[in-house]
Protein chains: 2
Amino acid sequence: MPRREAKVAAIVDSAWKLAREHGIAGVSLHALAREVGMRQPSLYAYFDSKLALYDAMFADGNRRLIQQLDLVKLPRDPRAALKKFFAEFVAFALEDPARYELLFERHIPGFTPSPTSYVLAEEVLARAYKVINEVGITKQGDIDCIVAMVAGLMEAQLSNDPGGNRWIRHLNRLVDLYVDDALERSRQS
Amino acid sequence: MPRREAKVAAIVDSAWKLAREHGIAGVSLHALAREVGMRQPSLYAYFDSKLALYDAMFADGNRRLIQQLDLVKLPRDPRAALKKFFAEFVAFALEDPARYELLFERHIPGFTPSPTSYVLAEEVLARAYKVINEVGITKQGDIDCIVAMVAGLMEAQLSNDPGGNRWIRHLNRLVDLYVDDALERSRQS
DNA sequence: GTCTATACATCGATAGAC
DNA sequence: GTCTATCGATGTATAGAC
């Protein structure tokens, strides 16, 4: 890795550290520069603007998520694979709420992922769709529902009891409940 | 209503207007003062701080929600009543996303509702619990699940398609699915 | 590439006259 | 209660020397 790219990576890492400490919106360029041992204007040698920094973080977060999803060995059984996929996704979110906030919520005014960063987000989405499809769920409405249910459990867990499992422990049961119903409905039609 | 309280109410109303335009975090005292035809420091005759303004908005929002929930005539059938209650709640949220953000999410750094404002939020919660209990769901885990599911649908609707019904149209079906399952489980034990 | 210095804006909050 | 004036902090971004 060239020295410049290594530096960029180090800056992004420090930015994540600040985001974990003060929230994703609480990352300031002054604090970031201090964290990496530079002065604030020097950051502009690596990022054109603060939104460009967020964009690099967005891409980095999605890349890490893809990598983490790649590492997990999914069971052959589609249902078990779906549960494992969701569990991995949830673990990724709970591991770093600020990262989840940047990747999946829209709390930074003016920030929109650049096209090249967004393809990474679409890659994540594509993998989710694949594992959902393979369990036999193909209708858009059913996919929307199951994704929204999982997100609902995850957000409740994140905002009310991060680190616990009060909501997340129901994940597999809810997935079974919905998938059984969806398959039954498609069998009948 | 005394003149002073009328003025406070007018300021809060204008604050909601700004929140709808620029997000709940985007409300500034300068803009708010301009909106009500005053200078920024004059606002301090009505609110001790910006957080005190947010607290007044929080109380106001909950009061409006309670009022809206009071107006709706719930069917005698508990299941139908539950659906109607959720529908009303969702309508309230979709009607003003910024208001939902202040009342039910924690996006304002440093803001915590005062005790007197928080009792209003608890009143809302108590009404939700009542209508859920009356359908036969009493275990905390089941309540958590159904609330998280509804919230998941609502947040997906809010952030991806406000004004539409792509997610919300599945609300009643999901409620039936979960309630049927919960009742079946409690029947068996 | 990194620095110093600074521009420029926004914001919440206070002082004190009227 | 409302105003003018201003403080003080924070923040992004730019200019220009080295």
Side-chain angles (χ1 to χ4, degrees), chain A residues 1-58 98 101-102 106-114, chain B residues 1-58 98 101-102 106-114:
Chain A
M1 179 157 58
R3 264 197 295 280
R4 181 187 170 81
E5 316 221 340
K7 191 88 191 190
V8 167
I11 294 172
V12 168
D13 280 352
S14 292
W16 283 125
K17 183 181 175 214
L18 292 178
R20 281 188 291 273
E21 290 168 1
H22 310 112
I24 186 64
V27 175
S28 87
L29 297 184
H30 286 277
L32 177 56
R34 185 171 352 109
E35 186 75 27
V36 297
M38 305 173 82
R39 303 295 181 157
Q40 175 254 349
S42 306
L43 291 174
Y44 284 81
Y46 301 96
F47 301 97
D48 289 340
S49 70
K50 190 178 184 183
L51 290 180
L53 168 68
Y54 278 130
D55 194 54
M57 295 172 76
F58 182 87
E101 209 178 342
L102 180 64
R106 289 287 164 266
H107 292 166
I108 307 294
F111 171 64
T112 316
S114 65
Chain B
M1 179 155 62
R3 264 196 295 281
R4 181 186 170 81
E5 314 221 341
K7 190 87 190 189
V8 167
I11 294 172
V12 168
D13 280 352
S14 292
W16 282 126
K17 182 181 175 212
L18 292 178
R20 281 188 289 274
E21 289 168 4
H22 311 112
I24 185 64
V27 176
S28 87
L29 296 184
H30 284 90
L32 176 55
R34 187 173 345 111
E35 186 74 27
V36 297
M38 304 173 84
R39 302 295 180 158
Q40 176 255 348
S42 305
L43 291 174
Y44 283 82
Y46 301 97
F47 301 98
D48 288 340
S49 69
K50 189 178 184 182
L51 291 181
L53 168 69
Y54 279 132
D55 195 55
M57 295 172 77
F58 181 88
E101 207 178 342
L102 180 64
R106 289 289 164 264
H107 292 166
I108 307 293
F111 172 63
T112 316
S114 64

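The chains referred to below are lettered A, B, ... by the order of the sequence lines, with proteins before strands, and numbering in each begins at 1.
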Practice item. Show the numbers, then the answer: is there a side-chain contact (heavy atoms from CB on, under 4.5 Å) between L53(A) and L43(A)? Key: CA-CA 9 Å; L53(A) 168 68; L43(A) 291 174; over 6 Å; no
Exercise for review: Would you classify R3(B) as touching base, sugar-phosphate or nothing, given that sugar-phosphate means primed atoms plus P, OP1 and OP2, and contacts are heavy atoms under 4.0 Å?
Suggested key: nothing
Check your understanding: Checking all strands, does S42(B) fall into the base, sugar-phosphate, or nothing category for heavy-atom contacts under 4.0 angstrom?
Key -> base
Exercise for review: Considering non-hydrogen atoms only, spot the tightest contact between A98(A) and A19(A) and give its length.
Suggested key: CB-O, 3.4 Å
Check your understanding: Expressed in angstrom and rounded to an integer, what is the separation of L53(A) atom CG from dG11(D) atom P?
Key -> 14 Å
Review point. Near R106(A) CZ, under 6.0 Å, is it more than 12 heavy atoms from other residues, nucleotides or ligands?
Key: yes
Practice item. Round to the nearest Å and state the distance from L29(A) atom CG to dA13(D) atom C1'. Key: 9 Å
Exercise for review: Indicate yes or no: at least one non-hydrogen side-chain atom of F111(B) is less than 4.5 angstrom from one of M57(B).
Suggested key: no
Point to revise | Position toward the 5' end of DNA chain D (nearest nucleotide), G26(A) or R4(B) | key: R4(B)
Revision key, fill the gap. Between H30(A) and M38(A), whichever has its closest DNA chain C nucleotide further toward 5' is M38(A)
**Study point:** Whole-Å distance separating the OH atom of Y54(A) from the C1' atom of dG11(D)
**Key:** 11 Å
Review point. Closest heavy-atom contact between Y44(A) and S49(A)?
Key: CE2-CA, 4.2 Å
Exercise for review: Can you sort out the partners of H107(A) under side-chain hydrogen bond (donor to acceptor under 3.5 Å, both in side chains), two or more places apart, ordered by chain and number?
Suggested key: E101(A), H107(B)
Review point. DNA chain C: stems of at least 3 consecutive Watson-Crick or G-U pairs, cut-off 3.5 Å?
Key: C:1-18 with D:1-18
Practice item. Using a heavy-atom cut-off of under 4.0 Å over every strand shown, decide if Y44(A) touches base, sugar-phosphate, or nothing. Key: base
Point to revise | Nucleotides bounding contact with chain A, strand DNA chain C, heavy-atom threshold 4.0 Å | key: dG1(C) to dA5(C)
Revision key, fill the gap. R39(B) CZ to dT4(D) C1', in whole Å, measures 9 Å
Check your understanding: Which one of I11(B), L32(B), D55(B) satisfies the side-chain contact (heavy atoms from CB on, under 4.5 Å) criterion with F47(B)?
Key -> I11(B)
Exercise for review: Heavy atoms only: give me the nearest Y54(A)-L102(A) pair and the separation to one decimal.
Suggested key: O-CD2, 3.8 Å
Practice item. Could you tell me whether the side chain of Y46(A) reaches within less than 4.5 Å of the side chain of E5(A), counting heavy atoms only? Key: no
